[in-house]
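Here is how names work: the chains are called A, B, and so on, in the same order as the sequence lines, proteins then strands, and each is numbered from 1.
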2 protein chains.
Amino acid sequence: MRMTISDIARLANVSKSAVSIVLNDKPGVSRETRSRILAIIKKYNYNPSHLAKSLAARETKSIGLIIKEIDNPYFTKLMRGVYDACSQLGYSVLLGSSELSPVRETEIVNTLVSKRVDGLVISPLHSEEANFTYLSNLLNDNYPLVLLGTVTNYSTNVVDIDNTKAAYDAVTYLIQKGHTRIAHLAGPLWSGHGQKRLDGYQQALIDHKISIEKNYIVPVEPYTPDGYQAAKELFSKTIQHPTAVFCYNDLVAIGVINALTEMKIDVPEKVSVMGFDNIDFGMYVRIPLTTVQMPAYEIGKAGAKLLVKQINHSSMPLNEKVTLKHKIIERDSVFKHTSK
Amino acid sequence: MRMTISDIARLANVSKSAVSIVLNDKPGVSRETRSRILAIIKKYNYNPSHLAKSLAARETKSIGLIIKEIDNPYFTKLMRGVYDACSQLGYSVLLGSSELSPVRETEIVNTLVSKRVDGLVISPLHSEEANFTYLSNLLNDNYPLVLLGTVTNYSTNVVDIDNTKAAYDAVTYLIQKGHTRIAHLAGPLWSGHGQKRLDGYQQALIDHKISIEKNYIVPVEPYTPDGYQAAKELFSKTIQHPTAVFCYNDLVAIGVINALTEMKIDVPEKVSVMGFDNIDFGMYVRIPLTTVQMPAYEIGKAGAKLLVKQINHSSMPLNEKVTLKHKIIERDSVFKHTSK
DNA sequence: TTGAAAGCGCTAACAA
DNA sequence: TTGTTAGCGCTTTCAA
């Protein structure tokens with residue numbers, strides 16, 4: 001049977017509290033008693049139950065992380081950021097992934113809360129229903145919380161970049177390269193970033209007196225096969241083809257490049273392609289990808305740090321906004337366009 | 001303040017045990033009492049503390065997953081497999097990543113055990129020191145455990161593929177394509193798979209009467225820049241160049257392809273490149289990668305399932321071996337070589 | 001079918 | 001400096 005604190009106390013001829021004090025490195029016990037206790041602990045290889053401690057001390061030293069997709073390079077980086085910050089700060093992380101299901105997202109919140117994580121870092125799903133009941137509840141309970149991505153109408157801790165501005169900058173970059181016919185493969189509703197990037201795209205066109213062409217805006221699921229498919233359709237239509245396509249993310253951009261290559265449309269000579277996220281693989285694809293850097297690792301890290309700060313200052317209102325910087329990464333998929 | 005089971009009991013005019021029975025869907029309470037209790041629970045939105053339950057019931061319904069690198073496509077897939085199986089079986093997963101440090105690996109095991117996870121799925125680091133003390137301890141305590149990767153001299157539950165055979169098959173494939181000068185960029189010590197794949201490589205050469213060329217075997221870190229670097233060196237040496245290179249993993253293979261492309265050595269016409277793992281991106285790189293499929297998702301899934309089975313049959317000895325199938329994925333990076 | 005009571009392995013006043 | 005005591009919020013006998 002596993003040893004308990006009482007066993008150690010008995011073995012060391014002291015009370016449980018003395019052992020507890022030693023275990024937690026607190027003052028209040030003489031040097032020699034301490035070392036005697038320590039010796040016993042070592043001798044029996046005693047591993048105290050953090051579970052029992054959590055119940056008594058009302059903190060588990062673990063946080064819950066809820067992402068949308070495990071198997072997605074963006075979230076992987078983000079997860080690493082959260083994990084690194086947490087290990088450094090002495091927290092464990094309970095992993096949750098909604099895999100795009102709002103129902104599961106709520107379920108995960110419930111089980112993580114029932115497991116009494118000290119706080120939650122959530123990359124929230126933006127569903128059509130989008131009632132965010134779980135969010136209201138959490139906020140009502142003043143539950144330590146950090147959102148990785150903005151949810152309108154809810155005031156809480158948020159870490160994000162300025163997606164509208166980032167998309168604006170990307171499109172402006174394309175315009176400066178001489179492009180005027182710029183398509184946008186827009187992100188899905190559930191992303192929350194999709195709408196903002198679309199806004200930035202449109203604003204950039206407007207500000208540069210370029211008319212918005214409806215046919216040039218096509219919403220896609222944010223994966224390579226969807227980008228491929230969308231590009232195939234877009235470039236086989238009998239409309240004037242765009243000379244550049246700004247994609248919701250790198251995965252989509254890779255699909256676009258593949259489709260164009262297959263259609264013998266040279267990238268970037270004929271058509272420039274720009275992605276978003278700056279995933280590691282962007283530099284290894286057929287045509288190294290020009291893209292916008294999303295600091296996923298930093299977002300995760302900042303989010304976890306902010307959460308721990310919130311946990312340690314429970315009186316602090318939940319409304320800190322951290323906006324990280326984006327930047328354009330120039331590689332080979334964008335060409336200087338000289339209009340004929 | 002958060003509600004407890006006693007609050008609910010009082011409000012429903014019953015005992016705590018009655019509430020407990022209802023919460024756990026157990027028989028022993030009349031239909032009407034049950035519904036009365038349920039009503040109160042619902043009304044107050046009571047969320048029982050799984051933490052307290054865990055302490056009393058001696059099981060946490062969570063397992064620990066220890067991988068080597070979060071930000072690595074192979075482990076991401078594996079993680080997803082573990083996560084999927086666990087959610088399905090009602091377990092939470094506490095994430096741990098050694099990030100290649102044996103010291104951290106042991107620390108993680110300790111904290112996860114102190115948090116009383118019901119079991120551990122570990123992708124063990126093979127360090128030079130490789131004492132595996134933590135493993136001995138776990139085994140001594142008969143702690144529910146599944147290893148994702150074989151550790152020699154320790155009998156426990158293992159899920160893996162036959163790495164030697166897989167490498168053997170890959171090299172045989174290259175030989176059948178007419179190659180005889182085949183290099184191998186071998187994996188690192190910590191992988192555990194590295195040595196086996198090297199063995200398979202050598203055995204395949206021996207069995208086909210091809211002499212083993214020392215210069216053709218170069219150990220690398222399993223990342224793209226390292227593969228790039230190694231290829232640059234290998235192909236600038238004044239030795240007879242290989243016509244094919246079999247890489248420890250896809251990441252390395254991608255680096256090799258980039259290096260060769262840069263050196264104006266056509267892939268696959270001049271030199272064929274073969275990877276290992278079959279990561280998703282393999283099909284999107286410059287030259288779609290021919291590789292060996294490592295069923296990472298299935299390994300994770302099978303590992304978690306086996307662990308839960310072990311947890312539910314604590315008397316069962318820890319020595320089940322599950323060997324999953326590998327297979328060769330033919331794409332464009334291998335060319336039929338016709339010796340001049 | 002129900003309730004009382006002991007206990008899971010700790011922490012944290014409070015007394016001694 | 002040390003020990004006693006009463007929880008933390010559940011589960012689980014055991015009686016009623």
Side-chain angles (χ1 to χ4, degrees), chain A residues 1-38 40-41 44-62 92 110-118 141, chain B residues 1-38 40-41 44-62 92 110-118 141:
Chain A
M1 208 43 214
R2 179 156 252 138
M3 301 209 87
T4 74
I5 198 173
S6 309
D7 297 328
I8 301 297
R10 186 164 21 79
L11 255 17
N13 260 307
V14 293
S15 70
K16 293 195 296 175
S17 26
V19 180
S20 176
I21 286 172
V22 170
L23 284 175
N24 294 291
D25 251 323
K26 287 185 181 167
V29 107
S30 68
R31 271 189 46 71
E32 54 178 39
T33 337
R34 188 179 297 267
S35 64
R36 181 153 41 95
I37 295 176
L38 249 16
I40 299 285
I41 288 177
Y44 291 91
N45 212 294
Y46 166 62
N47 179 325
S49 167
H50 197 287
L51 187 61
K53 168 168 177 163
S54 296
L55 183 60
R58 287 112 180 288
E59 61 167 11
T60 56
K61 284 288 178 187
S62 49
S92 299
N110 286 332
T111 76
L112 291 183
V113 168
S114 79
K115 297 214 170 171
R116 297 295 186 263
V117 291
D118 293 339
D141 296 352
Chain B
M1 209 39 217
R2 179 157 252 136
M3 301 209 86
T4 73
I5 200 172
S6 310
D7 298 326
I8 300 297
R10 187 164 20 77
L11 289 164
N13 259 304
V14 294
S15 69
K16 294 196 296 177
S17 22
V19 180
S20 176
I21 286 172
V22 170
L23 284 175
N24 293 291
D25 251 325
K26 286 185 181 168
V29 108
S30 68
R31 271 189 47 72
E32 55 178 37
T33 334
R34 186 179 298 264
S35 64
R36 180 154 40 94
I37 295 175
L38 248 16
I40 299 285
I41 288 176
Y44 290 91
N45 212 294
Y46 166 63
N47 180 325
S49 167
H50 197 287
L51 187 61
K53 169 170 176 161
S54 295
L55 183 60
R58 288 103 184 273
E59 62 167 8
T60 55
K61 284 285 178 190
S62 50
S92 299
N110 286 332
T111 78
L112 292 183
V113 168
S114 80
K115 298 216 169 171
R116 297 294 185 260
V117 292
D118 293 338
D141 296 352

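- Each of A52(B) and E32(B) has a nearest nucleotide on DNA chain C; the 5'-most of these lies closest to E32(B).
- Checked against side chain to side chain donor-acceptor pair (under 3.5 Å), N47(B) has no partners two or more places apart in sequence or in another chain.
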### Query
Between L23(A) and I41(A), is a side-chain contact (heavy atoms from CB on, under 4.5 Å) present by the stated rule, with each step listed?
CA-CA 9 Å; L23(A) 284 175; I41(A) 288 177; 3.7 Å; yes
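- Take S62(A) and apply the side chain to side chain contact (heavy atoms under 4.5 Å, CB included) test, not counting sequence neighbours, and it matches T60(A), S92(A), V117(A), K115(B).
- Under a 3.5 Å cut-off, the side chain of R36(B) and the backbone N or O of A12(B) do form a donor-acceptor pair.
- Bounding nucleotides for the chain B contact on DNA chain D, 5' to 3', at a heavy-atom distance below 4.0 Å, are dG9(D) to dT12(D).
- In 5' to 3' order, the nucleotides of DNA chain C bounding all contacts with chain A (an atom under 4.0 Å from a heavy atom) are dG9(C) to dA12(C).
- Among the heavy atoms of the strands lying under 4.0 Å from S30(B) are primed sugar atoms or P, OP1, OP2 only; no base atom is included.
- Nucleic acid contact for T33(B): sugar-phosphate only, since backbone atoms but no base atoms lie under 4.0 Å from a heavy atom of the residue.
- Place A57(A) and R34(A) on DNA chain D by their nearest nucleotides, and R34(A) ends up nearer the 5' end.
- Nearest heavy-atom pair across Y46(A) and T4(A) is CE1-C, 3.9 Å.
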Side-chain donor-acceptor pairs under 3.5 Å in residues 25-32 of chain B, sequence neighbours left out?
{"unit_1": "S30(B)", "atom_1": "OG", "unit_2": "T33(B)", "atom_2": "N", "d": "3.3"}
{"unit_1": "S30(B)", "atom_1": "OG", "unit_2": "T33(B)", "atom_2": "OG1", "d": "2.3"}

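- Sequence neighbours left out, the pairs with a member in residues 2-20 of chain B that pass salt bridge (Lys or Arg N to Asp or Glu O under 4.0 Å) are D7(B)-R10(B).
- The side chain to side chain contact (heavy atoms under 4.5 Å, CB included) test applied to L11(A) returns M3(A), I40(A), Y44(A), not counting sequence neighbours.
- Contacts between residues 3-14 of chain A and DNA chain D, defined by a heavy-atom separation below 4.0 Å, involve N13(A), V14(A), listed by number.
- Residue-level contact check: S49(A) touches the backbone only, with heavy atoms under 4.0 Å from sugar-phosphate atoms and none from bases.
- Residues meeting the side chain to side chain contact (heavy atoms under 4.5 Å, CB included) test with L55(A), sequence neighbours left out: A52(B), L55(B).
- For K26(A) and R2(A), each mapped to the nucleotide of DNA chain C holding its nearest heavy atom, the one lying further toward the 5' end belongs to R2(A).
- In this structure, the side chains of R116(B) and S49(A) come closer than 4.5 Å at one or more pairs of heavy atoms.
- Each end of the helix from dT1(C)-dA16(D) to dA16(C)-dT1(D) gets its own axis from five base pairs, and the two axes differ in direction by 40°, given to 10 degrees.
- If you take CG on D118(A) and CG on L112(A), they are separated by 12.0 Å, rounding to the nearest 0.5 Å.
- With sequence neighbours excluded, no residue forms a side chain to side chain donor-acceptor pair (under 3.5 Å) with K61(B).
- Remark: S17(A) pairs with S15(A) by the side chain to side chain donor-acceptor pair (under 3.5 Å) rule, at least two apart or across chains.
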